[in-house]
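Below is one structure; the comments refer to it alone.
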Number of protein chains: 2
Amino acid sequence: MIVKKTYKDQVIDHIYQLILTDELQPGDQVKESLLAVQMGISRAPIREALKELMTIGLVEYRPQIGNFIPILTPKQIIDSYTTRGVLEGYAVMIAGEMFSAEDLAQLDRYVDEMGTAARAGQHKEVVDIGGDFHDFLAAHTDNLQLLEYTNRLSLKLHVLFYKHWGLLYKPDEIEQRHRAIVDSIRSRDKAGIEQVIRAHYVETGTKIATVQAARSETAA
Amino acid sequence: MIVKKTYKDQVIDHIYQLILTDELQPGDQVKESLLAVQMGISRAPIREALKELMTIGLVEYRPQIGNFIPILTPKQIIDSYTTRGVLEGYAVMIAGEMFSAEDLAQLDRYVDEMGTAARAGQHKEVVDIGGDFHDFLAAHTDNLQLLEYTNRLSLKLHVLFYKHWGLLYKPDEIEQRHRAIVDSIRSRDKAGIEQVIRAHYVETGTKIATVQAARSETAA
DNA sequence: CAGGTGTCTAATGTCGACATTCGACGAATG
DNA sequence: CATTCGTCGAATGTCGACATTAGACACCTG
């Protein structure tokens with residue numbers, strides 16, 4: 001196992017956990033001094049970590065005021081998913097011929113597992129396999145610039161909305177939607193690939209936005 | 001005029017200048033202590049600035065070693081331009097109907113000025129107007145996530161390749177290429193808009209990559 | 001009572017010093 | 001001669017303290 005060397009990396013992991021466990025909620029300020037005391041280190045590595053999280057979009061920086069967990073409006077959520085769809089759609093379209101028969105078989109396996117887990121009500125597995133599926137897709141591009149942005153968005157959306165994903169899919173639907181992506185790749189229909197992936201993310205984003213809006217409604 | 005309040009912002013501007021004037025060249029390490037002494041401040045704001053430049057991609061960070069001005073291979077240059085084309089292409093396509101008659105007239109004016117400046121050999125003006133043209137396009141999206149990435153790429157490519165842009169266009173060609181973009185928007189042909197803009201950036205990236213490759217050839 | 005003002009607090013911004021680590025150089029070894 | 005290992009310098013990583021600023025609250029003023 002790889003040991004984290006610098007405090008900065010530990011801080012990043014720690015903040016991930018705080019967000020995933022709702023100890024840090026959207027709108028909360030991430031106070032450097034407080035974290036420093038809690039972790040028994042100085043503020044310097046905390047600031048380093050916050051800058052990195054800023055790059056991804058997991059914290060929002062306001063000069064002279066501090067770092068905050070972003071409150072995303074429904075539109076912003078949809079926009080972020082849409083952007084990911086645009087990037088992944090292009091990446092997969094360009095990589096179209098790069099997907100070998102084995103790759104397609106692997107994708108089919110992902111979809112099978114996803115469907116099985118979904119019907120068994122194993123939400124966490126469904127989300128994890130879905131993540132693997134899309135990472136597998138994006139990783140087939142040789143455009144590293146595009147991959148960098150795709151990964152940043154993927155990570156941001158994953159951390160911020162992981163807890164909602166279990167609520168919003170219907171087992172058969174999620175399997176069918178991902179199967180459609182694999183089929184479009186198999187058909188080598190470039191324009192089709194791009195459209196299917198874009199549509200997938202727009203729909204996912206719309207659902208997440210709805211769920212999230214409903215939550216803040218009940219919370220208020 | 002707005003005065004820069006924090007040292008960090010001054011450092012960022014300073015590094016921009018160092019890159020534009022070739023005092024910092026691709027491959028060079030940006031040494032914190034050196035900059036701190038030169039600017040008469042401590043290393044803390046230098047580090048802040050470097051983290052922000054990292055976000056844009058203007059410096060490359062290697063843990064425990066330092067920050068370096070990236071050396072981009074021809075492929076990476078093309079990939080970065082391509083990615084910008086994908087993002088801007090989608091942004092403009094979606095914003096298609098948002099462009100009013102006045103907007104289109106403004107775009108035409110940009111293209112006219114660009115052609116005039118190009119034929120007069122005023123390279124700097126051509127580049128600046130081109131920048132305004134594309135910023136005007138991108139700014140018409142209401143997808144802020146997409147705009148954020150577009151702006152980051154725009155800034156990175158601008159700073160790193162500003163000095164090459166004067167060498168690579170033919171006056172009539174540059175006018176014609178941008179006119180094609182305006183025409184495609186005017187025609188309200190969504191798919192056409194996206195394709196024209198993507199093609200524009202792929203071609204621009206390819207040219208820049210060629211020029212840059214030729215330069216490092218003669219330098220070696 | 002409303003509006004502006006001053007003060008106070010808690011957070012970020014910056015500093016200089018020390019700790020740690022990477023990479024280069026050169027000596028010891030087979 | 002090639003290889004390994006230890007040392008050293010210079011750079012980043014981290015620290016604790018101080019400077020500065022945004023925002024809240026009480027106070028003054030009309």
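Every chain is numbered from 1 and lettered A, B, ... according to where its sequence line falls, protein lines coming before strand lines.
- With sequence neighbours left out, B/F99 forms a ring pair (Phe, Tyr, Trp, His ring centres under 6.0 Å) with B/H140.
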With a cut-off of 3.5 Å and sequence neighbours excluded, list every side-chain donor-acceptor pair involving residues 44-63 of chain A.
unit_1, atom_1, unit_2, atom_2, d
A/R47, NE, B/E48, OE2, 3.1
A/R47, NH1, A/E32, OE1, 3.2
A/R47, NH1, A/E32, OE2, 2.9
A/R47, NH2, B/E48, OE1, 3.3
A/R47, NH2, B/E48, OE2, 3.2
A/E48, OE1, B/R47, NH2, 3.2
A/E48, OE1, B/K51, NZ, 3.0
A/E48, OE2, B/R47, NE, 3.1
A/E48, OE2, B/R47, NH2, 3.3
A/K51, NZ, B/E48, OE1, 3.0
A/E52, OE1, A/K8, NZ, 3.1
A/T55, OG1, A/K51, O, 3.3
A/T55, OG1, B/T55, OG1, 2.9

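- Applying the 3.5 Å distance criterion, the base of D/dG13 shares no donor-acceptor pair with the side chain of B/R47.
- Close to D/dA19, at under 4.0 Å from its OP1 or OP2, lies no side-chain N or O of B/Y7.
- As rounded to whole Å, 16 Å separates atom P of D/dA19 from atom CD of A/Q64.
- Each of A/P63 and B/P63 was assigned the nucleotide of DNA chain D with the nearest heavy atom; the assignment lying further toward the 5' end belongs to B/P63.
- Minimum atom distance to the side chain of A/T6 is reached by D/dT14, of the listed C/dT14, D/dT14, D/dA11.
- To the nearest angstrom, C1' of C/dG16 lies 13 Å from CD1 of B/I41.
- With C/dT14, D/dT12, C/dG13 as the candidates, the nucleotide lying closest to the side chain of B/P45 is C/dT14.
- The side chain of A/R43 has D/dC18 as its nearest neighbour among C/dC18, D/dC15, D/dC18.
- Distances were taken from every side-chain heavy atom of A/K31 (C-beta onward) to each of D/dG13, C/dA11, D/dT21; the shortest belongs to C/dA11.
- With salt bridges taken as basic N to acidic carboxylate O contacts below 4.0 Å, one links A/E148 and A/R152.
- D/dC18 atom C1' lies 15 Å from atom CD of A/E32, rounded to whole Å.
- Using a cutoff of 4.0 Å between basic side-chain nitrogens and carboxylate oxygens, B/R109 and B/E113 are not scored as salt-bridged.
- The nearest whole Å value for the distance from the CZ atom in A/F68 to the P atom in D/dA22 is 13 Å.
- Note on ring orientation: taking the six-membered ring where Trp is involved, the planes of A/H134 and A/Y201 are tilted (angle from 30° to 60°).
- Taking every side-chain heavy atom of A/I65 into account, D/dA22 is the closest of D/dA22, C/dC22, C/dT14.
- A close approach under 4.0 Å does occur between a side-chain nitrogen or oxygen of B/Y61 and OP1 or OP2 of D/dG13.
- Heavy atoms of A/V30 sit under 4.0 angstrom from primed sugar atoms or phosphate atoms, though from no base atom.
- The nearest whole Å value for the distance from the NZ atom in A/K51 to the C1' atom in D/dG13 is 17 Å.
- One can place CD of A/Q29 at 7 Å from C1' of C/dA11, the figure rounded to the nearest angstrom.
- Computed from coordinates, the B/M39 CE to C/dC15 P distance equals 10 Å when rounded to whole Å.
- Regarding B/N67, its CG atom lies at a distance of 9 Å from the C1' atom of D/dT12, rounded to whole Å.
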